[in-house]
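One structure below.
All values below were derived from every heavy atom in this structure, side-chain atoms included, with hydrogens, water molecules and symmetry-related copies excluded.
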Amino acid sequence: MNSLLIGELSPEQPSFEPTKNKELTEEFRELRAAVERMGLMKANHAFFLLHLLHILLLDAAAWLTLWAFGTSLVPFVLCAVLLSAVQAQAGWLQHDFGHLSVFSTSTWNHLLHHFVVGHLKGAPASWWNHLHFQHHAKPNCFRKDPDINMHPFFFALGKILSVELGKQKKKYMPYNHQHKYFFLIGPPALLPLYFQWYIFYFVIQRKKWVDLAWMITFYVRIALTYTPLLGVKGLLGLFFMVRFLESNWFVWVTQMNHIPMHIDYDQNKDWVSTQLQATCNVHESAFNDWFSGHLNFQIEHHLFPTMPRHNYHKVAPLVRSLCAKHGIEYQSKPLLTAFADIVHSLKESGQLWLDAYLHQ
């Protein structure tokens, strides 16, 4: 860090910026130390091994469905549903390895990350790292969080940014209808129409040849196992049906914790406040935990990004107490309510844009 050293503050200079909550920051550091002493940053390797095995079993079951029952409509659709579950669950598992939350050494985390995201999903680890680390540093901060880059060209997000857009008389889309066209260009389209193609541009443009090699193993495996059963056209139909189903699963889960929350330019708040204002939880249950890859504990995940996900429920009461002490809302809601809140927030911000566009 020596190259970044500018100088030392003189004793009379404040060492904490006025926009940041010093007391909250210090208490969170104490909480973090307590969490480490409790062993909550240590992973249960059996948990992740079983999770990987259940993904591989689902993958095998998908192929066996076509092999045993033929390629008529019902087994074809069942195979697609099973493969979409494989892709979604592999997505949550690669997220664990990408956050270095499984093994104590980064080498093993990186290796398994390449295997899961590259070989099981056909995507580059470097692309995920590039986007996701920015998201965690400044969640819901416009121009710093790439996860909200759909503002303003596709959606008007957040109350403040939507009003600003309206006052500037900018109209890239009919935002007052965005809660309707979200169902067309949001969940169904993100993976098959954008991510699926952009990832190849990313690895080639940045010369990430190791990532490309891992990705190729995925497509070779899929082609070798399914072409004999379905032919080329059938394989392409299955592949894009899986991407369509996975895309709906992925978008609803990843957006339910962030889109309804505060979205604005970076206000240079302390790290804890930045994470808390941008995240909310979905109630704990066996299904919700599995369906979302434990990202229903989004608050805990953002505060402890390297914590193994099976420990989120253990630290949640401590986080809730910290929020209560400092008067910070700790939001947790049912799964379907969280989905509905995405649409409600888009409708609200779209209306705010329209009012500002017409009257301010």
Side-chain angles (χ1 to χ4, degrees), residues 18-20 131 134-195 197-198 244 247-270 273-282 298-299 302 327-360:
T19 57
K20 298 181 178 179
L131 295 177
Q134 294 179 73
H135 163 70
H136 269 271
K138 294 289 183 178
N140 281 9
C141 292
F142 183 48
R143 296 204 175 105
K144 293 189 176 182
D145 179 1
D147 283 10
I148 59 171
N149 278 352
M150 58 275 207
H151 177 95
F153 295 110
F154 295 102
F155 299 99
L157 299 179
K159 299 176 183 179
I160 296 171
L161 297 180
S162 298
V163 171
E164 177 190 63
L165 207 60
K167 288 181 178 179
Q168 294 172 346
K169 308 304 177 186
K170 292 183 177 179
K171 183 183 180 182
Y172 300 103
M173 294 287 281
Y175 303 119
N176 51 310
H177 297 291
Q178 65 182 3
H179 59 291
K180 302 170 187 174
Y181 66 71
F182 171 76
F183 290 93
L184 296 176
I185 69 171
L190 182 64
L191 269 64
L193 298 184
Y194 178 58
F195 279 0
W197 312 105
Y198 180 76
F244 168 80
S247 187
N248 281 275
W249 190 332
F250 172 80
V251 172
W252 285 105
V253 169
T254 57
Q255 300 310 304
M256 67 183 183
N257 306 110
H258 293 302
I259 291 298
M261 303 304 291
H262 182 76
I263 301 174
D264 197 358
Y265 294 97
D266 182 15
Q267 300 298 315
N268 193 35
K269 291 189 176 182
D270 59 273
S273 297
T274 300
Q275 306 302 318
L276 289 173
Q277 71 179 4
T279 54
C280 66
N281 280 4
V282 168
Q298 193 71 206
I299 295 172
H302 267 257
I328 300 171
E329 184 180 10
Y330 180 100
Q331 285 193 39
S332 184
K333 59 187 78 168
L335 181 65
L336 295 181
T337 301
F339 289 165
D341 282 351
I342 300 175
V343 181
H344 293 155
S345 65
L346 289 174
K347 184 177 182 180
E348 181 182 23
S349 58
Q351 190 59 49
L352 288 170
W353 165 82
L354 182 63
D355 292 342
Y357 185 84
L358 294 176
H359 307 301
Q360 295 187 38

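For the atom pair T274 OG1 and K138 NZ, the distance stands at 5.0 Å (nearest 0.5 Å). To the nearest 0.5 Å, atom CE of residue M261 and atom CD of residue E329 are 6.5 Å apart. Atom CD of residue Q277 and atom NE2 of residue H302 lie 12.0 Å apart, to the nearest 0.5 angstrom. Interatomic distance, H179 NE2 to F155 CZ, rounded to the nearest 0.5 Å: 12.0 Å. We find the NE2-CD distance between H151 and E164 to be 6.5 Å, quoted to the nearest 0.5 Å. Interatomic distance, CD1 of I299 versus OG of S332, reported as 7.0 Å (0.5 Å rounding).
Formation of a donor-acceptor pair under 3.5 Å by the N176 side chain with backbone atoms of G350 is not found in this model. Under a 3.5 Å cut-off, the side chain of H258 and the backbone N or O of A278 do form a donor-acceptor pair. Under the 3.5 Å distance criterion, the side-chain polar atoms of W249 are left unmatched by any main-chain donor or acceptor of F244.
Geometrically, K167 does not engage Y357 in a cation-pi contact, judged by NZ or CZ lying under 6.0 Å from the ring centre and within 45° of the ring axis.
Proximity of Q275 to P139: side-chain heavy atoms (C-beta onward) are separated by under 4.5 Å at one or more points. Between L190 and F195 the shortest side-chain heavy-atom distance falls below 4.5 Å. Between Y175 and P152 there is a side-chain heavy-atom pair separated by less than 4.5 Å. Within the 4.5 Å cutoff, no side-chain heavy atoms of W353 are placed close to those of Q178. The closest side-chain heavy-atom distance from I160 to H262 is below 4.5 Å. Contact check for M150 versus I185: no side-chain heavy atoms found under the 4.5 Å cut-off. Within the 4.5 Å cutoff, the side chain of L157 has no heavy atoms near those of the F142 side chain.
Side-chain contact annotation: E348 with H344, donor-acceptor N/O pair under 3.5 Å absent.
Considering every non-hydrogen atom in both P146 and Q134, the closest pair reads CD-CB, 3.5 Å. Scanning all heavy atoms of the two residues, the minimum distance from P188 to F183 falls at CG-O, 3.0 Å. Considering all non-hydrogen atoms of both residues, S349 and A156 come closest at OG-O, 2.8 Å.
Considering I148, T279, I259, D264 in turn, I148 is the only one that fulfils the side-chain contact (heavy atoms from CB on, under 4.5 Å) rule with N140. Under the ring-ring contact (aromatic ring centres under 6.0 Å, His included) test applied with F182, the options F339, F154, W252 reduce to a single match, W252.
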